K.L.:
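Submitted below is the structure of interest, expressed as structure tokens.
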Amino acid sequence: MTPEVLKGYALLAELGEDDREALFELLEESAIPEGKSAFREGSEGEGLVLLVEGRLKLKSKRTGAVVAIVEAPEHLGAASLFSFGKREVTALATGPAKVLALPRSGLPRLLDDSPRTAFRLAEAVAGELAGLVRQGLETLTEQESK
């Protein structure tokens, strides 16, 4: 696998070649067998997860429902790079899957080794979160107008 794989993720689409290489060096690769979890609901969110191959079923114990099924390339947990909190769902592989993870502990190293890349990653995460907030506000506005 090469840093080029990072081009497929919307969150990382604006990163240049040097940025992708700097980030890629810190990623940890894991194979997830079918039925096993990439992470569990209630566990500490410890960083960004990039689904490289396969699918993950996101299940909520609280509701007993499947929240979503995500397919590669998709990213999960970007906000947990910057904030502490529990995972809201369990991510189960529906077949063999492969993930790359950037643990929160890798962020200070990225900042030391490549400050520009760390800033661009933070900027991308902030932009994504702002978009989610806007989307939530639009949904609330629509519900209030009914």
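The residues of the chain are indexed from 1 along the displayed sequence. When reading the values below, keep in mind they use all heavy atoms of this one structure, side chains included, and skip hydrogens, waters and symmetry mates. As the structure is a computational prediction, the values presented were derived from the model and not from experiment.
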K.L.:
Could you go through the side-chain contact (heavy atoms from CB on, under 4.5 Å) check for Leu50 and Leu11 one step at a time?
P.N.:
CA-CA 10 Å; Leu50 303 172; Leu11 180 70; 5.7 Å; no
K.L.:
Taking the side chain as every heavy atom from C-beta outward, state whether Ile32 and Lys98 have any atom pair closer than 4.5 Å.
P.N.:
no
K.L.:
Does any non-hydrogen side-chain atom of Leu51 lie less than 4.5 Å from one of Val70?
P.N.:
yes
K.L.:
Let me confirm one number: the CG-CG distance from Leu12 to Leu121, rounded to the nearest 0.5 Å.
P.N.:
6.5 Å
K.L.:
Taking only Lys NZ, Arg NE, NH1 and NH2, and the carboxylate oxygens of Asp or Glu, determine whether Glu4 and Lys7 approach each other closer than 4.0 Å.
P.N.:
yes
K.L.:
Salt bridge check: are Glu71 and Arg55 linked by an N-O gap of less than 4.0 Å?
P.N.:
yes
K.L.:
Where the side chain of Ser37 meets the backbone of Arg40, is there a donor-acceptor pair that is under 3.5 Å apart?
P.N.:
no
K.L.:
When rounded to the nearest 0.5 angstrom, what distance separates CG in Leu110 from CZ in Arg116?
P.N.:
11.0 Å
K.L.:
Going by an N to O cut-off under 4.0 Å, is there a salt bridge joining Lys86 and Glu41?
P.N.:
no
K.L.:
Find the distance between NZ (Lys57) and OG1 (Thr94) and round it off to the nearest 0.5 Å.
P.N.:
7.5 Å
K.L.:
If we only count heavy atoms from C-beta on, is the Thr90 to Phe39 side-chain gap below 4.5 Å?
P.N.:
no
K.L.:
Please determine whether the number of non-hydrogen atoms from other residues, nucleotides or ligands lying under 6.0 Å from atom CD of Glu44 exceeds 12.
P.N.:
yes
K.L.:
For the residue pair Glu46 and Pro103, establish whether any side-chain heavy-atom pair is separated by less than 4.5 Å.
P.N.:
no
K.L.:
Linking I/L/V/M/F/W/Y whenever their side-chain heavy atoms sit closer than 4.5 Å, directly or via other members, would Val5 and Leu15 fall into one cluster?
P.N.:
yes
K.L.:
Please determine whether side-chain contact (heavy atoms from CB on, under 4.5 Å) holds for the pair His75 and Glu128, giving the CA-CA distance in whole Å, both sets of side-chain angles, and the decisive distance to 0.1 Å.
P.N.:
CA-CA 11 Å; His75 69 278; Glu128 180 177 78; 2.5 Å; yes
K.L.:
Looking only at heavy atoms, what is the nearest atom pair of Leu58 and Leu76, with distance?
P.N.:
CD1-CD2, 4.1 Å
K.L.:
Under 4.5 Å between any side-chain heavy atoms of Leu100 and Glu28, yes or no?
P.N.:
no
K.L.:
Say you draw a straight line from CD of Glu21 to CD of Glu25; how long is it, rounded to the nearest 0.5 Å?
P.N.:
7.5 Å
K.L.:
Which heavy atom in Thr117 sits nearest to a heavy atom in Ala22, and how many Å separate them?
P.N.:
OG1-CB, 3.9 Å
K.L.:
If you draw the axis of the six-membered ring of Phe84, does the NZ or CZ of Arg104 fall within 45° of it and under 6.0 Å from the ring centre?
P.N.:
yes
K.L.:
Any chance CZ of Phe82 has more than 12 other-residue heavy atoms, nucleotides or ligands included, within less than 6.0 Å?
P.N.:
yes
K.L.:
So Arg62 and Glu88, salt bridge (Lys or Arg N to Asp or Glu O under 4.0 Å) or not? Walk me through it.
P.N.:
CA-CA 9 Å; Arg62 288 186 319 262; Glu88 297 292 327; 3.2 Å; yes
K.L.:
Of all heavy-atom pairs between Leu56 and Ala91, which one has the smallest distance, and what is that distance?
P.N.:
CD1-CB, 4.1 Å
K.L.:
Any chain of hydrophobic side-chain contacts (each under 4.5 Å) joining Leu23 to Tyr9?
P.N.:
yes
K.L.:
Would you compute the distance between atom CZ of Arg120 and atom CG of Asp18 and round it to the nearest 0.5 angstrom?
P.N.:
9.0 Å
K.L.:
Starting at CG of Asp112, measure out to CG of Leu107 and round the result to the nearest 0.5 Å.
P.N.:
10.0 Å
K.L.:
Under 4.5 Å between side-chain heavy atoms, counting indirect links through other Ile/Leu/Val/Met/Phe/Trp/Tyr residues: same cluster for Leu102 and Leu111 or not?
P.N.:
no
K.L.:
Taking all non-hydrogen atoms of both residues, which atom of Leu6 and which atom of Arg20 are closest, and how far apart?
P.N.:
CD1-O, 3.5 Å
K.L.:
For residues Gly47 and Leu81, report the shortest heavy-atom separation together with the two atoms involved.
P.N.:
CA-CD2, 3.9 Å
K.L.:
Before you tell me yes or no, could you show the steps for Met1 and Val52 under side-chain contact (heavy atoms from CB on, under 4.5 Å), namely the whole-Å CA-CA distance, both residues' side-chain angles and the distance that decides it to 0.1 Å?
P.N.:
CA-CA 10 Å; Met1 200 172 318; Val52 179; 3.8 Å; yes
K.L.:
Could you see if Val67 belongs to whatever hydrophobic cluster contains Val99? Use Ile, Leu, Val, Met, Phe, Trp, Tyr and a side-chain cutoff under 4.5 Å.
P.N.:
yes
K.L.:
For a quick test of reading the model, state the closest non-hydrogen atom pair linking Leu48 to Ser80 and the distance between them.
P.N.:
N-OG, 4.3 Å
K.L.:
Can you find a heavy atom in the side chain of Lys36 that is under 4.5 Å from one in the side chain of Leu92?
P.N.:
no
